[in-house]
Amino acid sequence: MIAAAPVRNTLSASTLIGNEVRNREGEDLGRIEDFMMDLETGRVAYAVLSFGGFLGVGNKLFAVPWDAFTIDSLHHAFILDVTKERLKEAPGFDKDHWPAMADQRWAGQVHSYYGVPAYWE
């Protein structure tokens, strides 16, 4: 009897950076640029999504709560259940002006926007 190949449920961050983000309708929402870790718990708090612009110029960044994503391992993509229009209106920032992600008021607003509980609750 041939044993089934083990399912990988851990990957390095470097293999995930640059992966596509799509919504459930299959629309391209951008790429993963980075991950933000909660140092107290050791868990991923946010994936930083880059969206918009042209050829990387003018992209807006979004700190999206990790729990807002599902993973499409077959297509090596992240699925975010928002429309392009909703993402355009999301709280975002540019590469030179990152938000204070430790600010629980900011973080609470971001989690509320994406409809997921705050990761620290």
Side-chain angles (χ1 to χ4, degrees):
M1 178 174 213
I2 298 174
V7 175
R8 293 180 64 183
N9 61 3
T10 58
L11 291 171
S12 68
S14 63
T15 64
L16 298 172
I17 290 174
N19 278 12
E20 292 181 347
V21 177
R22 294 190 305 262
N23 61 21
R24 295 197 186 283
E25 290 74 33
E27 294 177 303
D28 180 16
L29 297 180
R31 303 270 180 270
I32 298 296
E33 292 290 326
D34 213 337
F35 296 96
M36 303 304 293
M37 302 290 297
D38 179 313
L39 297 179
E40 288 184 24
T41 64
R43 66 175 282 180
V44 176
Y46 305 98
V48 179
L49 168 63
S50 174
F51 172 72
F54 181 70
L55 297 176
V57 177
N59 284 4
K60 188 173 178 183
L61 300 176
F62 302 90
V64 179
W66 182 248
D67 290 339
F69 290 103
T70 55
I71 307 297
D72 179 352
S73 57
L74 181 64
H75 298 102
H76 304 281
F78 289 80
I79 305 300
L80 180 60
D81 194 16
V82 298
T83 64
K84 278 189 174 186
E85 292 73 29
R86 180 129 173 98
L87 182 59
K88 288 176 186 176
E89 299 300 320
F93 53 98
D94 70 55
K95 65 181 176 95
D96 295 323
H97 299 96
W98 285 55
M101 292 186 188
D103 177 357
Q104 282 198 349
R105 188 176 58 126
W106 171 87
Q109 291 171 342
V110 168
H111 282 80
S112 176
Y113 191 86
Y114 291 101
V116 295
Y119 70 88
W120 62 86
E121 292 179 345

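In what follows, every heavy atom counts, from backbone to side chain, and hydrogens, waters and symmetry copies are set aside.
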Chemist: Assess the residue pair E40 and W120 against the criterion (side-chain contact (heavy atoms from CB on, under 4.5 Å)); give the C-alpha distance rounded to whole Å, side-chain angles, the decisive distance to 0.1 Å, and a yes or no.
Modeler: CA-CA 10 Å; E40 288 184 24; W120 62 86; over 6 Å; no
Chemist: Of all the heavy-atom pairs spanning K88 and K60, show the shortest one and how long it is.
Modeler: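 Taking every non-hydrogen atom into account, O-NZ, 3.6 Å.
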Chemist: Might you work through the side-chain contact (heavy atoms from CB on, under 4.5 Å) test for D72 and R22, ending with a clear yes or no?
Modeler: CA-CA 10 Å; D72 179 352; R22 294 190 305 262; 3.1 Å; yes
Chemist: Looking at CG of N59 and CD of E33, how far apart are the two atoms once the value is rounded to the nearest 0.5 Å?
Modeler: 7.0 Å
Chemist: So, for I32 and A47, which heavy atoms are closest and what is the spacing to 0.1 Å?
Modeler: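 In this case the closest contact between I32 and A47 is CD1-CB, 3.9 Å.
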Chemist: Quick check: is V64 connected to I79 through a chain of hydrophobic side chains (ILVMFWY, heavy atoms under 4.5 Å apart)?
Modeler: no
Chemist: Taking only residues two or more places apart in sequence, or in another chain, which ones meet D94 in a side-chain hydrogen bond (donor to acceptor under 3.5 Å, both in side chains)?
Modeler: H97
Chemist: Within this structure, what is the CE-CH2 distance for the pair M37 and W66, rounded to the nearest 0.5 Å?
Modeler: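 Here the rounded value is 9.5 Å.
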Chemist: Identify the heavy atoms of V110 and P65 that sit nearest to each other, and give their distance.
Modeler: CG1-CD, 3.7 Å
Chemist: Could R86 and Y114 be counted as a cation-pi pair, given that NZ or CZ must be under 6.0 Å from the ring centre and within 45° of the axis?
Modeler: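 Because its charged atom misses either the 6.0 Å distance or the 45° angle limit, R86 does not stack over Y114.
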Chemist: When rounded to the nearest 0.5 angstrom, what is the spacing between NZ in K84 and CD in E25?
Modeler: 11.5 Å
Chemist: Of all the heavy-atom pairs spanning L29 and L87, show the shortest one and how long it is.
Modeler: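 The pair with the smallest heavy-atom distance is O-CD2, 3.7 Å.
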Chemist: Decide salt bridge (charged side-chain N to carboxylate O under 4.0 Å, His left out) for D34 and K95; before the verdict, give the C-alpha distance in whole Å, the side-chain angles of both, and the deciding distance to 0.1 Å.
Modeler: CA-CA 11 Å; D34 213 337; K95 65 181 176 95; over 6 Å; no
Chemist: Mind listing the closest non-hydrogen atom pair of F93 and A63 along with its distance?
Modeler: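 Minimum heavy-atom contact is CE2-N, 3.6 Å.
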Chemist: Can you tell if the side chain of V21 reaches within under 4.5 Å of the side chain of F51, non-hydrogen atoms only?
Modeler: no
Chemist: Under the side chain to side chain contact (heavy atoms under 4.5 Å, CB included) rule, collect the residues that match up with L16, sequence neighbours excluded.
Modeler: L11, N19, F35, F78
Chemist: Looking at every non-hydrogen atom in both residues, tell me the closest pair between V48 and M36 and how far apart they are.
Modeler: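 Looks like CG2-CG, 3.9 Å.
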Chemist: With R24, which of L80, T83, D81 fulfils side-chain contact (heavy atoms from CB on, under 4.5 Å)?
Modeler: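 When L80, T83, D81 are each tested with R24, the side-chain contact (heavy atoms from CB on, under 4.5 Å) holds only for D81.
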Chemist: Kindly state whether the ring of W98 and the ring of Y46 have centres lying under 6.0 angstrom apart.
Modeler: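 No, the ring centres sit 6.0 Å or more apart.
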